[in-house]
*Asks:* 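This is the structure, below, for whatever I ask next.
Computed from heavy atoms alone, side chains included, the values below leave out hydrogens, waters and symmetry copies. When a residue number appears, it is its place in the shown sequence, counting from 1.
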Amino acid sequence: MKHNIFMAMAFTSALMLGGLTSCYDLTELGDDPYALPNDNVNNGGNKPVDPIGEYGDIDISYEVTDATELSQIKDDLAAASSTFRNFLYEGYYNDYQITTNLTHDIYAGYTGNNNPGFVNSAPDYKYADGWSSSRWRHFYVDRCKEYASLLRAFKFSPNAEMYTNQYHITRIYFAFLALANTDTYGDMPFKIYASVQTPETNNVPYDTQADVYDGLFRMLRQAVETIDPDDASQYVIDTDDICYNGDARKWLRFANTLRLRLACRISNVDPERAKKEAQDAISNKWGLMESNADNMRTVPRYAPIEDGGINDGGQENVLAMCSVMYNGDCVMGWDLENYYRTLSTGGGKYIVKTGRTGQVEKVIDPRCLVSWYRSGMTASTLAAGEESLREDFKGCPKGYAEPTMLAPNQFSLTRTAKDAAKSKKHDRKSWFNCAEPTVWLGYAESLFLRAEAALRGWDSGSPEEWYRKGIEASMAYYEIDRADVDSYINGLVALNDGTFASGDKEKILEAIITQKWMAVFPNGNEAWAEFRRTDYPKLMLPLNNASGGDVPEGHFIKRLLYPNSENSNKGFTESGMSAVNSQGKRLWWDVSDDTPDNFGSASSRLRRIIR
């Protein structure tokens with residue numbers, strides 16, 4: 001086949017070879033993938049890109065007529081179910097420790113580093129290309145390849161109309177993954193991949209983050225306008241749809257909830273667009289998430305087949321893996337412990353023994369009791385699943401320089417059974433067993449999004465009403481006993497100090513975002529993004545800033561650096577991207593530098609955005 005401007009399915013392992021200097025080397029060096037021979041169509045090639053309509057720049061806008069490619073598409077269609085399963089599974093799980101746990105989870109305040117070998121590295125704001133570049137690579141090399149394979153298979157099959165639903169479901173999840181990527185880096189190549197084109201080698205164009213968000217909004221709107229869950233003729237991936245088992249209505253509710261998440265994210269930088277998108281999502285006929293059964297989650301491969309896994313010997317719940325299964329690398333963060341203890345005077349009760357016969361009764365957020373062990377765990381006590389009642393729950397400060405792993409552990413580890421038989425089972429008292437799913441966008445979050453929407457005048461109901469419902473949904477997800485739920489809610493400081501009657505929008509938003517942060521745990525992707533957007537909840541500064549001045553002292557990290565491989569991409573080097581490639585530079589939607597200002601005037605926003 002002659003030079004082809006479109007996404008070739010026969011991506012090869014050469015993409016991963018060290019000799020290539022960019023994540024984008026998808027064509028032979030020296031080829032001009034945008035130059036179509038004049039007789040391309042007549043010789044059975046692909047018709048050129050001709051973006052038309054509202055979605056033309058973010059959707060496939062060409063035809064495939066080449067026999068070789070059509071044969072490949074036939075093979076891809078046969079493999080679509082298994083490809084889709086891997087696309088869903090690896091989207092957030094791939095290399096989780098180095099792509100997320102040592103960065104996003106810690107920057108969000110959820111966890112702390114307890115491995116001496118990681119001190120003065122990514123957890124302490126020093127960019128580690130060998131780790132963080134994996135996130136970029138997995139998205140562009142792995143997920144974009146799967147996305148392209150699926151879309152082309154559905155689009156160019158002989159009976160394309162029967163694949164319409166699955167085509168747009170795939171695009172919904174791609175938008176979900178792209179959101180995490182842009183919220184990590186900012187501007188990025190997006191439209192060329194969303195529309196399944198092959199970029200020119202080492203000349204991959206970047207889209208501004210504003211344009212990425214615009215594309216995401218349009219992709220999601222197109223999906224909810226196109227998918228027809230009542231069309232019985234539609235092809236359905238069920239078992240290999242490890243998120244929703246082929247339930248198109250759940251995918252639609254997820255898409256609308258994701259639209260609301262995006263709308264809140266841009267509320268400070270583009271309030272008019274945010275309001276419009278939020279109200280469109282809320283009023284859409286398919287609705288938002290309705291219960292915890294709608295949670296977007298990943299079931300570990302470790303889980304039994306009947307629970308959605310494959311009964312793998314490894315591939316555990318990612319937080320449990322980084323914490324207990326890695327012998328204490330990851331521990332509870334200081335901020336998380338602080339908010340477990342201080343948001344309410346009520347909750348779950350537990351005993352700490354003192355002296356020979358004494359004991360002290362304490363009260364804490366009941367979600368803590370099912371999520372974490374007390375401090376002082378060793379290899380033997382972990383193996384036995386027994387914690388010392390003389391110890392207490394303890395979080396690790398960011399930047400702590402003297403971690404001890406399991407000798408013994410100074411901080412709290414996830415409540416995870418190391419015994420394989422026990423950890424394969426759901427246990428409401430050990431929430432982070434190895435087979436437990438991870439939620440990436442849940443019903444509780446959707447209710448807190450509605451609380452903020454109501455506060456901003458976008459939604460009906462009161463902020464307090466949605467706030468209460470969000471806490472209830474989070475407690476229900478953790479299967480907390482009713483008495484402990486009532487105790488916690490009745491003791492909430494924000495419900496007893498006049499916060500919601502104060503008329504102080506910043507104070508009310510702080511209460512909403514802080515409880516959303518509690519409910520979103522352990523999703524550091526979202527929690528870190530929301531902290532940067534709102535500056536809530538209030539988090540401790542790291543004890544150690546090893547960025548070498550890239551992140552100013554006294555400030556929080558704002559983004560990750562682009563991978564070093566991007567220095568070979570003209571789309572990066574010749575577009576001014578180097579000027580913003582700093583972990584101290586705010587993203588487009590982050591309008592205030594560590595000082596909450598979520599309801600400022602347009603002029604004050606503009607001054608901050610120009611920075």
*Asks:* Check this for me: Arg301, atom CZ, are more than 12 non-hydrogen atoms of other residues, nucleotides or ligands nearer than 6.0 Å?
*Replies:*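 More than 12 within 6.0 Å, yes.
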*Asks:* Any donor and acceptor pair, going by atom type alone, linking the side chain of Asp335 with main-chain N or O of Met540 inside 3.5 Å?
*Replies:*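 Pair found, side chain donor or acceptor close to backbone of Met540.
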*Asks:* For Thr499 and Ile508, indicate whether the former's side chain and the latter's backbone hold a donor-acceptor pair under 3.5 Å.
*Replies:* no
*Asks:* Should Arg374 and Leu389 count as side-chain neighbours, where that means a heavy-atom distance under 4.5 Å?
*Replies:* yes
*Asks:* Would you call Asp230-Arg249 a salt bridge at under 4.0 Å N-O?
*Replies:* yes
*Asks:* Is Asp497 close to Lys507 at the side-chain level, that is, under 4.5 Å between some pair of heavy atoms?
*Replies:* yes
*Asks:* I want to check something: taking the side chain as every heavy atom from C-beta on, are Thr99 and Asn94 in contact at a cut-off of under 4.5 Å?
*Replies:* no
*Asks:* A side-chain contact here means heavy atoms from C-beta on lying under 4.5 Å apart; do Arg265 and Glu526 qualify?
*Replies:*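 They are in side-chain contact.
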*Asks:* Hey, is CD on Glu306 packed in by over 12 heavy atoms from elsewhere, all under 6.0 Å?
*Replies:*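 It does: Glu306 CD has more than 12 such atoms within range.
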*Asks:* At what distance, to the nearest 0.5 angstrom, does CH2 of Trp528 lie from OG1 of Thr184?
*Replies:*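 The CH2 atom of Trp528 sits 6.0 Å away from the OG1 atom of Thr184.
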*Asks:* Side chains of Trp372 and Tyr340: do they bring a donor and an acceptor to under 3.5 Å?
*Replies:*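 Side chains of Trp372 and Tyr340: pair found under 3.5 Å.
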*Asks:* Within the distance-only criterion (no hydrogens, no angle test), does the side chain of Asp392 pair as donor or acceptor with the backbone N or O of Ser375 below 3.5 angstrom?
*Replies:* no
*Asks:* Is Asn284 reaching over with its side chain to a backbone N or O of Trp286, donor-acceptor style, under 3.5 angstrom?
*Replies:*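 Flag set: sc Asn284 to bb Trp286 pair under 3.5 Å.
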*Asks:* Looking at Glu530 and Arg533, is there a salt bridge between them, counting it only when a charged N and a carboxylate O are closer than 4.0 Å?
*Replies:* yes
*Asks:* Quick test of your reading of the model: are Arg428 and Asp481 salt-bridged, counting only N-O distances below 4.0 Å?
*Replies:* yes
*Asks:* Without hydrogens or angle criteria, can the side chains of Thr100 and Arg135 be said to hold a donor-acceptor pair below 3.5 Å?
*Replies:* yes
*Asks:* Hey, what do you get for CG (Leu260) to OG (Ser446), rounding to the nearest 0.5 Å?
*Replies:*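 Leu260 CG to Ser446 OG: 8.0 Å, rounded to 0.5 Å.
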*Asks:* Any chance you could lay out the ring pair (Phe, Tyr, Trp, His ring centres under 6.0 Å) test for Tyr125 and Tyr107, step after step, and finish with the verdict?
*Replies:* CA-CA 9 Å; Tyr125 293 179; Tyr107 304 158; 5.5 Å; yes
*Asks:* Give a yes or no on whether Lys275 atom NZ has more than 12 heavy-atom contacts from other residues, nucleotides or ligands under 6.0 Å away.
*Replies:* no
*Asks:* Report yes if the side chains of Pro123 and Leu102 come closer than 4.5 Å at any heavy-atom pair, otherwise no.
*Replies:*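 The answer is yes, as the side chains (C-beta and beyond) meet within the 4.5 Å cut-off.
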*Asks:* Quick one: which of Tyr92, Tyr96, Trp440 gives a side chain to side chain donor-acceptor pair (under 3.5 Å) with Thr298?
*Replies:*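 The side chain to side chain donor-acceptor pair (under 3.5 Å) with Thr298 is passed solely by Trp440 among Tyr92, Tyr96, Trp440.
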*Asks:* So, Asn433 side chain and Ala417 main chain: donor-acceptor pair closer than 3.5 Å or not?
*Replies:*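 Present.
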*Asks:* Closest heavy-atom contact between Thr438 and Val318?
*Replies:*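 Closest heavy-atom pair between Thr438 and Val318: OG1-CG2, 3.9 Å.
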*Asks:* For Ile242, enumerate each residue passing the side-chain contact (heavy atoms from CB on, under 4.5 Å) test, keeping only those at least two apart in sequence or located in another chain.
*Replies:* Arg85, Leu88, Tyr89
*Asks:* Tyr173 and Gly91: which non-hydrogen atoms are nearest, and at how many Å?
*Replies:* OH-CA, 4.3 Å
*Asks:* Working to the nearest 0.5 angstrom, can you tell me the gap between Asn544 CG and Lys398 NZ?
*Replies:* 12.5 Å
*Asks:* I'd like to know if the side chain of Asn317 reaches the main chain of Glu436, judged simply by a donor and an acceptor atom lying under 3.5 Å from each other, with no hydrogens or angles considered.
*Replies:*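 At least one qualifying donor-acceptor pair exists.
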*Asks:* Measure centre to centre between the rings of Trp517 and Tyr339, then say whether the value is under 6.0 Å.
*Replies:* yes
*Asks:* Please assess Trp251 against Asn165 for the test side chain to side chain donor-acceptor pair (under 3.5 Å), listing each intermediate value before the final yes or no.
*Replies:* CA-CA 10 Å; Trp251 276 106; Asn165 283 2; over 6 Å; no
*Asks:* Under 30°, 30 to 60°, or over 60°: which ring-plane class applies to His426 and Trp431, parallel, tilted or perpendicular?
*Replies:* perpendicular
*Asks:* Any chance the side chains of Thr381 and Thr378 put a donor and an acceptor closer than 3.5 Å?
*Replies:* yes
*Asks:* Which heavy atom in Phe118 sits nearest to a heavy atom in Gln97, and how many Å separate them?
*Replies:*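 Closest approach of Phe118 to Gln97: CE1-NE2, 3.8 Å.
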*Asks:* Look only at the side chain of Tyr373 and the backbone of Thr416, and say whether a donor-acceptor pair between them is shorter than 3.5 Å.
*Replies:* yes
*Asks:* For the residue pair Ser267 and Trp458, what are the closest heavy atoms and their distance?
*Replies:* CB-CH2, 3.7 Å
*Asks:* Tell me if a side-chain donor or acceptor on Asn496 pairs with a main-chain N or O of Leu492 at a distance below 3.5 Å.
*Replies:* yes
*Asks:* Could you walk me through whether Asn256 and Arg253 pass the side chain to side chain donor-acceptor pair (under 3.5 Å) check?
*Replies:* CA-CA 5 Å; Asn256 281 327; Arg253 292 195 291 270; over 6 Å; no
*Asks:* Give a yes or no on whether Lys422 atom NZ has more than 12 heavy-atom contacts from other residues, nucleotides or ligands under 6.0 Å away.
*Replies:* no
*Asks:* Where do Tyr443 and Ser291 come nearest, in terms of heavy atoms and distance?
*Replies:*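 That closest heavy-atom pairing would be CB-O, 3.3 Å.
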*Asks:* Looking at every non-hydrogen atom in both residues, tell me the closest pair between Leu455 and Phe599 and how far apart they are.
*Replies:* CD2-CZ, 3.7 Å
*Asks:* Classify the side-chain pair Asp183/Tyr213 by whether it contains a donor and acceptor separated by less than 3.5 Å.
*Replies:* yes
*Asks:* Starting at OG of Ser344, measure out to CD1 of Ile364 and round the result to the nearest 0.5 Å.
*Replies:*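 If I round to the nearest 0.5 Å, the distance is 11.0 Å.
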*Asks:* Do Glu337 and Asp365 come within less than 4.5 Å of each other through their side chains, counting heavy atoms only?
*Replies:*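 No - every pair of side-chain heavy atoms lies 4.5 Å or more apart.
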*Asks:* Out of curiosity, Arg559 CZ to Thr182 OG1, how far, rounded to the nearest 0.5 Å?
*Replies:*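 Taking CZ in Arg559 and OG1 in Thr182, the distance rounds to 9.0 Å.
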*Asks:* Could you tell me whether a side-chain N or O of Glu510 sits under 3.5 Å from a main-chain N or O of Tyr536, the two making a donor and an acceptor?
*Replies:*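 Judged by distance alone, no pair lies under 3.5 Å.
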*Asks:* Can Asp105 and Asn101 be said to form a side chain to side chain donor-acceptor pair (under 3.5 Å), step by step?
*Replies:* CA-CA 5 Å; Asp105 292 352; Asn101 184 248; 3.0 Å; yes
*Asks:* Apply salt bridge (charged side-chain N to carboxylate O under 4.0 Å, His left out) to Glu277 and Arg261, showing your working.
*Replies:* CA-CA 10 Å; Glu277 295 291 349; Arg261 179 196 272 186; over 6 Å; no
*Asks:* For Arg482, is there an ion pair with Glu472 - N to carboxylate O distance below 4.0 angstrom?
*Replies:* yes
*Asks:* Look up atom CZ in Arg297 and atom OH in Tyr244, then write down how far apart they are to the nearest 0.5 Å.
*Replies:*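 Output value for this atom pair is 9.5 Å.
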*Asks:* Check this for me: does any side-chain nitrogen of one of Arg532 and Asp590 sit under 4.0 Å from a carboxylate oxygen of the other?
*Replies:*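 No, Arg532 and Asp590 are not salt-bridged.
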*Asks:* Report the C-alpha distance between Tyr478 and Asn292 in whole Å, list the side-chain angles of each, state the deciding distance to 0.1 Å, and finish with yes or no for side chain to side chain donor-acceptor pair (under 3.5 Å).
*Replies:* CA-CA 10 Å; Tyr478 282 96; Asn292 281 311; over 6 Å; no
*Asks:* Using atom types as modelled and distance alone, determine if a side-chain donor or acceptor of Ser412 lies under 3.5 Å from a backbone N or O of Lys394.
*Replies:* yes
*Asks:* For the residue pair Leu343 and Gln515, establish whether any side-chain heavy-atom pair is separated by less than 4.5 Å.
*Replies:* yes
*Asks:* Kindly indicate, with the supporting measurements, whether the criterion ring pair (Phe, Tyr, Trp, His ring centres under 6.0 Å) is fulfilled by Phe521 and Tyr477.
*Replies:* CA-CA 12 Å; Phe521 170 78; Tyr477 169 72; over 10 Å; no
*Asks:* Just so I know, are the side chains of Ile471 and Phe448 near enough to count as touching, which here means a heavy-atom distance under 4.5 Å?
*Replies:*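 In contact.
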